[in-house]
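Only one structure is covered here, and it is reproduced in the block below.
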Amino acid sequence: MRIIFLGPPGSGKGTQAHLISNQYNIPNISTGTMLRQSFPKNPYQSHNIQKNVINAMHTGNLVNDDFIVQLINRRINKNDCCNGFLLDGFPRTILQAEFMNKYKIFVNYIIEFVVSDSIVINRITGRRIHVDSGRTYHTQFNPPKIYGLDDITGESLTTRKDDYEQAIRKRLNNYYQYTEPVLDYYRNESKSKKTKYFSIDGNRKITEIYEELISLLTNK
């Protein structure tokens, strides 16, 4: 089972990707998570590459296509992807989508999450992160037991620099400019019936979205 989740930032892709990857025992591959975890731990990346990528993420811009493509290519060739994978937010540009075809990386399902901008901004500005584990909380929808502290370690939670409103609006603009054409690309791909394309309403409760996803993925 090879799945792609696409949608604007804050559309719920990450939450559902975690649930679905556990359900089907396939790796959940998020380019954002991979990038955040790779700095400054990867000794093979030059200081300039690190600086450029981190700056792009913090300001809401897209990271260089070549860099992302190399990152994904290495990841999906690992043994745990032999039975499938779930790509969370990749590909984000037409060039990245074409890379998938060029290297014969075919997928079974494309799921588009449709969410209004106002809900996206509300969701993301309230998000709090435990950096080391990647655990995510929300000041309104999923608050920690003790305000500002991780439930497991008791360590301080942080707000990512790309989760402030100015960066969010930049990310949304980039999504509409660069990623929406990717949706059209995959809609056309689905006409061959080799890949199934679905749009779902991401404004709903987590359980409702999850149940719909399971229904779509079960009815092959």
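Note that the numbering runs from 1 along the sequence shown for the chain. Quantities reported herein were computed from a predicted structural model and do not represent experimental measurements.
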Connected via hydrophobic side-chain network under 4.5 Å: Leu213 and Phe198: yes
Closest contact, heavy atoms only, Ser190 versus Arg187: OG-O, 2.6 Å
Thr195 side chain near Tyr197 side chain, heavy-atom distance below 4.5 Å: no
Verdict with supporting geometry, Thr159 and Arg128, side-chain contact (heavy atoms from CB on, under 4.5 Å): CA-CA 5 Å; Thr159 300; Arg128 300 295 182 267; 3.4 Å; yes
Any donor-acceptor N or O pair under 3.5 Å, side chains Tyr186, Glu112: no
Evaluation steps, side-chain contact (heavy atoms from CB on, under 4.5 Å), between Ile119 and Arg123: CA-CA 6 Å; Ile119 287 181; Arg123 284 179 178 177; 3.4 Å; yes
Verify same cluster id: Leu86, Leu216 (apolar side-chain graph, 4.5 Å): yes
Minimum-distance pair of heavy atoms, taken over all atoms of Leu157 and Pro144: CD1-CG, 3.8 Å
Joint cluster assignment, Leu19 & Ile214, ILVMFWY side-chain distance < 4.5 Å: yes
Glu180 side chain vs Tyr175 backbone, donor-acceptor pair below 3.5 Å: no
Nearest-0.5 Å distance, CD1 of residue Ile111 to NZ of residue Lys196: 10.0 Å
Ile124 side chain near Pro9 side chain, heavy-atom distance below 4.5 Å: yes
Residue pair Ile29 / Cys81, side-chain heavy-atom distance below 4.5 Å: yes
Pair Met1-Asn83, side-chain contact (heavy atoms from CB on, under 4.5 Å): steps then yes or no: CA-CA 7 Å; Met1 183 172 286; Asn83 293 321; over 6 Å; no
Side-chain ion pair, Asp163 and Arg171, N-O less than 4.0 Å: yes
Minimum heavy-atom distance Ser116-Asn203, with the two atoms named: N-OD1, 3.4 Å
Euclidean distance, Glu189 CD relative to Asp184 CG, rounded to 0.5 Å: 12.0 Å
Contact summary for Leu172 and Ile121, nearest pair of heavy atoms: CD1-CG1, 4.4 Å
Point-to-point distance, once rounded to the nearest 0.5 Å, from CD of Gln96 to CG of Asn101: 13.5 Å
Ile94 vs Val182 side-chain heavy atoms within contact, under 4.5 Å: yes
Enclosure of Asn25 CG (heavy-atom neighbours >12, cutoff 6.0 Å): no
Spacing of Ser11 atom OG and Asp201 atom CG [to the nearest 0.5 Å]: 11.0 Å
Straight-line distance of Phe90 CZ to Leu71 CG, nearest 0.5 Å: 9.0 Å
Atom NE2 of His18: over 12 foreign heavy atoms under 6.0 Å: no
Check: Asn108 side chain, Arg2 main-chain N or O, donor-acceptor pair, under 3.5 Å: yes
Within 6.0 angstrom of Asn142 CG, more than 12 heavy atoms from elsewhere: yes
Pro27 versus Ser21, closest heavy-atom pair with distance: C-CB, 4.3 Å
Donor-acceptor contact present, side-chain Lys13 to main-chain Pro8, <3.5 Å: yes
Min side-chain heavy-atom separation Ile20-Tyr109 under 4.5 Å: no
Arg135 side chain to His130 backbone, donor-acceptor under 3.5 Å: no
Joint cluster assignment, Phe106 & Ile3, ILVMFWY side-chain distance < 4.5 Å: no
Any side-chain donor near an acceptor of the partner, Asn77 and Asn73, under 3.5 Å: yes
Residue pair Glu165, Arg169: steps toward the side-chain contact (heavy atoms from CB on, under 4.5 Å) verdict: CA-CA 6 Å; Glu165 185 168 346; Arg169 292 191 181 279; 2.9 Å; yes
Lys78 bridged to Asp80 by N-O distance under 4.0 Å: no
Check: Asp150/Tyr137 side-chain N/O donor and acceptor closer than 3.5 Å: yes
Gap between atom CG of Asn122 and atom CD of Gln140 - 0.5 Å precision: 5.5 Å
Single-linkage hydrophobic cluster Phe5~Tyr210, side-chain heavy atoms < 4.5 angstrom: yes
